[in-house]
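Right, one structure below, let's go through it.
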There are 2 protein chains.
Amino acid sequence: MVRDVSTEQKIKEAAKRVFQKKGFGLTRTRDIAKEAGINLALLNYYYRSKENLFEIVMQESIEEMFSYLEHIMNNKQTTLTEKIDAGVLRYIEGMSKNSNLPLFLFSELQANPQHLFDRVKIPEGFIQDTYMFKQINAQINKEKLNFTAIHFFINLVSMSIFPIIGQPFIKYVTKMDEKSFADFIEQRKTLVPIWLKSMLKLV
Amino acid sequence: MVRDVSTEQKIKEAAKRVFQKKGFGLTRTRDIAKEAGINLALLNYYYRSKENLFEIVMQESIEEMFSYLEHIMNNKQTTLTEKIDAGVLRYIEGMSKNSNLPLFLFSELQANPQHLFDRVKIPEGFIQDTYMFKQINAQINKEKLNFTAIHFFINLVSMSIFPIIGQPFIKYVTKMDEKSFADFIEQRKTLVPIWLKSMLKLV
DNA sequence: GTCTATAGACTGATAGAC
DNA sequence: GTCTATCAGTCTATAGAC
């Protein structure tokens with residue numbers, strides 16, 4: 001009795017889409033089954049419970065979020081300037097493609113921060129150990145700037161992610177349509193790195 | 001038979017707390033009744049349905065979010081520099097006090113952006129009509145900067161709000177404790193305005 | 001206005017046929 | 001492995017007593 005990998009996978013991917021879109025509370029296991037094109041009973045056959053399936057989706061979502069950073073931040077071959085360019089671009093494009101991910105994570109983690117500690121393998125405080133952090137600190141010391149590397153890092157992530165998270169709100173107050181908003185995001189791919197480099201006096 | 005205003009108010013405030021913390025999907029009307037110290041039937045007596053109560057909470061939450069901006073942005077007596085200082089401070093302090101509000105709004109609006117149009121009185125595109133926007137545009141023209149006022153405004157809000165929204169995530173990856181994080185936010189009250197003024201070459 | 005009790009619908013999970 | 005049918009529990013909403 002070998003488990004059908006493709007069905008198991010199909011259910012998990014459907015679950016990821018539905019959970020990320022609606023959140024745990026509004027998601028119905030029937031919706032996931034329908035989205036996966038299978039029967040409700042099969043979901044429990046493979047994953048035992050809604051909660052267990054959610055935990056798995058949560059873990060993979062957190063790892064996906066980190067994956068946008070890890071490789072760029074620990075590359076010893078690139079300059080800080082190159083890392084800023086690549087990091088902003090990767091974040092904006094990644095979040096645009098999967099715009100439900102960040103809000104899903106932040107919401108569910110606000111309700112239950114324990115998820116971060118339960119299953120995820122990323123070590124606490126891992127940011128400070130990255131190569132990029134050393135580069136930022138070197139630049140801060142060289143220019144005698146009055147803020148820490150964490151502030152800079154948060155600025156990078158804020159300015160890249162926030163416009164995606166606040167999309168409906170921003171569209172409303174600025175009266176941008178779909179096309180204008182896409183242009184707006186496109187512009188930020190070059191603008192955000194410029195502002196960030198200026199903060200570090202890299203230009 | 002005059003409606004008991006204090007009970008009606010008590011229920012609405014309890015609903016606001018519970019909805020903002022758990023979201024619509026995870027909120028149980030029993031939780032709201034318990035939080036308000038009344039019986040479940042009384043909730044329906046005053047507000048007819050969970051959905052109707054939610055709509056009211058949603059409307060007031062959106063208006064609360066805007067209230068942080070309106071007065072500052074339309075003040076004709078203050079300079080742009082003063083508006084940046086006041087705006088950042090007000091946003092950071094407001095969101096810290098009520099840290100569930102922004103995530104609640106963004107999540108629910110992602111699920112159903114229609115809420116913005118349904119009941120809220122704030123006009124679409126209202127940002128562009130504020131006095132602060134005219135001041136930003138004047139400065140952009142004067143210094144011949146290559147971005148729009150909307151980008152600047154989004155940067156202000158991003159850097160102020162995002163650290164609150166991403167709090168659990170940030171605490172984890174940086175290994176900050178409660179005290180360190182509070183200091184971190186405190187520092188941003190002065191740092192964020194400095195970065196923003198630098199973007200507009202106001203210093 | 002406020003309560004208790006309960007109707008009626010929905011949801012997660014399982015039993016059992018194939 | 002996959003399905004249909006159904007159970008047991010939970011949830012919103014209301015009926016009816018006071």
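Labels below follow one simple rule: chain letters A, B, ... track the order of the sequence lines, proteins then strands, and each chain is numbered from 1.
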Once base and sugar-phosphate atoms are separated, protein heavy atoms under 4.0 Å mark nucleotides 12-18 of chain C, 5' to 3', with B, S and - as BBBB---
Could you work out which one of dT2(C), dC3(D), dT2(D) sits closest to the side chain of Thr7(B)?
dT2(C)
Test side chain to side chain contact (heavy atoms under 4.5 Å, CB included) applied to Lys175(B) - qualifying residues, sequence neighbours left out
Glu124(A)
Qualifying salt bridge (charged side-chain N to carboxylate O under 4.0 Å, His left out) pairs, either residue in residues 106-120 of chain B, two or more places apart:
Glu55(B)-Arg119(B)
Who pairs with Arg17(A) by side chain to side chain contact (heavy atoms under 4.5 Å, CB included), at least two apart in sequence or on another chain?
Glu13(A), Ala14(A), Glu35(A)
Assess the pair Phe106(A) and Phe106(B): is the distance between their ring centroids shorter than 6.0 Å?
no
Without decimals, in angstroms, what is the distance between Lys34(B) NZ and dT10(D) P?
14 Å
Could you state the NZ-C1' distance from Lys10(A) to dT2(D), rounded to the nearest angstrom?
11 Å
Does anything in residues 62-79 of chain B form a salt bridge (charged side-chain N to carboxylate O under 4.0 Å, His left out)? List the pairs, not counting sequence neighbours.
Glu63(B)-Lys121(B)
Sequence-distant partners of Phe126(A), ring pair (Phe, Tyr, Trp, His ring centres under 6.0 Å), two or more places apart:
Phe66(A)
Is the phosphate of dT2(D), meaning OP1 or OP2, less than 4.0 Å from a side-chain N or O of Tyr46(A)?
yes
